Amino acid sequence: MQELRKLGVDDYTFVWGFSHIGFVYYEEGLAVLTKHKIEEDYSFIITHSKNTLNWKTRKIVGAKILINGEPINFYSCHLGWWEDETEPYRNQVDNLIAQVNQDEQFFLMGDFNNDASVKNEGYDYLLSKGLYDTYSLAKEKDNGTTVLGEIKGWDDNKRDLRIDYIFTNRPIQVQSSKVIFNDRNKPMISDHFGVEITIQ
């Protein structure tokens, strides 16, 4: 757990985890940023590989915070692809679910690299673990598209995709789900867009 005051940002704390070197030079990782006090933080690997020089190595980071006295766990996720033979997607999901705090409410957020419109693959496998897609629960929502056409890792893609999600382990009241950082709702900052939800 770290504070951002040294970076000139007050009243935030964050958890950061280095996952792997990507594109030869870049330290790729995950983070959870919050204005709440972090009660507990988490970091664990869900792939067979634990080598940070292997771009397929996947780490998850998380933070527990209290909201109205209730502990809620937030996990930042970046998973691989369904068809990967060396790092099977099912194994990544199984390891993720085995290590999250099942006794408390949790949210799994991030890039899951599986399109919601493709049946009997990664998205359906995630739902089979008892997860709820907050996009599906939302009373108000946009089209949910988080990737437009071809990007790295989806080199031959020609379609709009929904591969970035916020899942939870309990049915909750979700007022809205919106795609952000797509140049319509906040400036674009990545080839993936973000997802923002409002909970009642």
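Quantities reported herein were computed from a predicted structural model and do not represent experimental measurements.
Proximity of Leu79 to Asp111: side-chain heavy atoms (C-beta onward) are nowhere separated by under 4.5 Å. Using a 4.5 Å heavy-atom threshold, the side chains of Trp16 and Val61 count as separate. Inter-residue side-chain proximity for Tyr75 and Met109 is flagged as unmet; no heavy-atom pair is nearer than 4.5 Å. Taking the side chain as every heavy atom from C-beta outward, Glu85 and Glu83 never approach each other to under 4.5 Å. A 4.5 Å side-chain heavy-atom check between Ile38 and Val15 finds at least one atom pair inside the cut-off. Between Leu161 and Thr145 there is no side-chain heavy-atom pair separated by less than 4.5 Å. You'll find the side chain of Ile166 stays beyond 4.5 Å of the side chain of Tyr132, heavy atoms only. At least one side-chain heavy atom of Ile172 sits less than 4.5 Å from a side-chain heavy atom of Gln105.
Checking Tyr89 against Asn113 by side-chain atom types alone, no donor-acceptor pair falls below 3.5 Å. Neither side chain, Ser49 nor Asn51, offers a donor N or O lying under 3.5 Å from an acceptor on the other. Remark: the Thr86 side chain and the Lys56 side chain contain an N/O donor-acceptor pair separated by less than 3.5 Å.
In this view, Phe167 and Phe112, Tyr165 satisfy the ring pair (Phe, Tyr, Trp, His ring centres under 6.0 Å) rule, not counting sequence neighbours. Remark: Asp103 pairs with Asn101 by the side-chain contact (heavy atoms from CB on, under 4.5 Å) rule, at least two apart or across chains.
Distance alone, capped at 3.5 Å, places no donor-acceptor pair between the Glu87 side chain and the Gln92 backbone. A donor-acceptor pair is defined here as one N or O able to donate and one able to accept, closer than 3.5 Å; such a pair exists between the side chain of Tyr135 and the backbone of Asp142. Using modelled atom types, no side-chain atom of Asn185 and backbone atom of Ile180 make a donor-acceptor pair closer than 3.5 Å. At distances below 3.5 Å, at least one donor-acceptor pair connects side-chain atoms of Asn169 with backbone N or O atoms of Glu104. No donor-acceptor distance shorter than 3.5 angstrom exists from the side chain of Asn73 to the backbone of Phe106, with no hydrogens or angles considered. Formation of a donor-acceptor pair under 3.5 Å by the Ser76 side chain with backbone atoms of Gly62 is not found in this model.
Between Asp133 and Arg162, at least one side-chain nitrogen of the basic residue sits less than 4.0 Å from a carboxylate oxygen of the acidic one, meeting the salt-bridge criterion. Using a 4.0 Å cut-off between a side-chain N of Lys or Arg and a carboxylate O of Asp or Glu, Lys64 and Asp41 do not qualify as a salt bridge. Salt bridge Lys178/Glu140: absent, no basic N to carboxylate O contact under 4.0 Å.
Neither Phe23 nor Ile189 shares a network with the other; the hydrophobic side chains, linked directly or stepwise wherever heavy atoms of I, L, V, M, F, W or Y lie under 4.5 Å apart, form separate groups for each. The cluster map of Ile, Leu, Val, Met, Phe, Trp and Tyr, joined by side-chain heavy atoms under 4.5 Å apart, puts Phe74 and Ile46 in different clusters.
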Less than 3.5 Å apart, which donor and acceptor atoms pair up between the side chains of residues 24-35 and the rest of the protein, not counting sequence neighbours?
residue, atom, partner, partner atom, Å
Glu28, OE1, His20, NE2, 2.8
Thr34, OG1, His36, N, 2.9

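Between Arg58 and Gly80 the shortest heavy-atom distance is NE-N, 3.7 Å.
Note that the CD atom of Gln99 and the CD1 atom of Ile45 stand 9.5 Å from one another [nearest 0.5 Å]. In this structure, CG on Leu126 lies 7.0 Å from CD1 on Ile97, to the nearest 0.5 angstrom. In this structure, OG on Ser177 lies 7.0 Å from CD1 on Ile197, to the nearest 0.5 angstrom. The structure places CG of Leu66 at 11.0 Å from CD of Glu40, a figure rounded to the nearest 0.5 Å. Once rounded to the nearest 0.5 Å, the distance linking CG of Leu96 with CD1 of Ile60 reads 5.0 Å. In this structure, the separation between SG on Cys77 and CG on Asp164 is 11.0 Å, given to the nearest 0.5 Å.
Taking the ring axis of Phe44 as reference, the NZ or CZ atom of Lys59 does not stay both within 45° of it and closer than 6.0 Å to the ring centre.
No more than 12 heavy-atom neighbours from other residues, nucleotides or ligands sit within 6.0 angstrom of CZ on Arg184.
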| Audit row: Phe107, Ile72, side chain to side chain contact (heavy atoms under 4.5 Å, CB included) steps and yes/no | CA-CA 8 Å; Phe107 291 87; Ile72 302 180; 3.7 Å; yes

| message | Applying side chain to side chain donor-acceptor pair (under 3.5 Å) to Tyr125 and Asp94, what does each step give before you reach the verdict? | response | CA-CA 10 Å; Tyr125 192 69; Asp94 292 348; 2.7 Å; yes

| task | Under the side chain to side chain contact (heavy atoms under 4.5 Å, CB included) rule, what do Thr146 and Val195 come out as? Steps first, then yes or no, please. | result | CA-CA 8 Å; Thr146 61; Val195 179; 3.9 Å; yes

| Worked check of ring-ring contact (aromatic ring centres under 6.0 Å, His included) between Phe193 and Phe181 | CA-CA 5 Å; Phe193 308 147; Phe181 305 126; 9.4 Å; no

| task | Apply side chain to side chain contact (heavy atoms under 4.5 Å, CB included) to the pair Val174 and Thr198, showing each step before the final yes or no. | result | CA-CA 6 Å; Val174 181; Thr198 302; over 6 Å; no

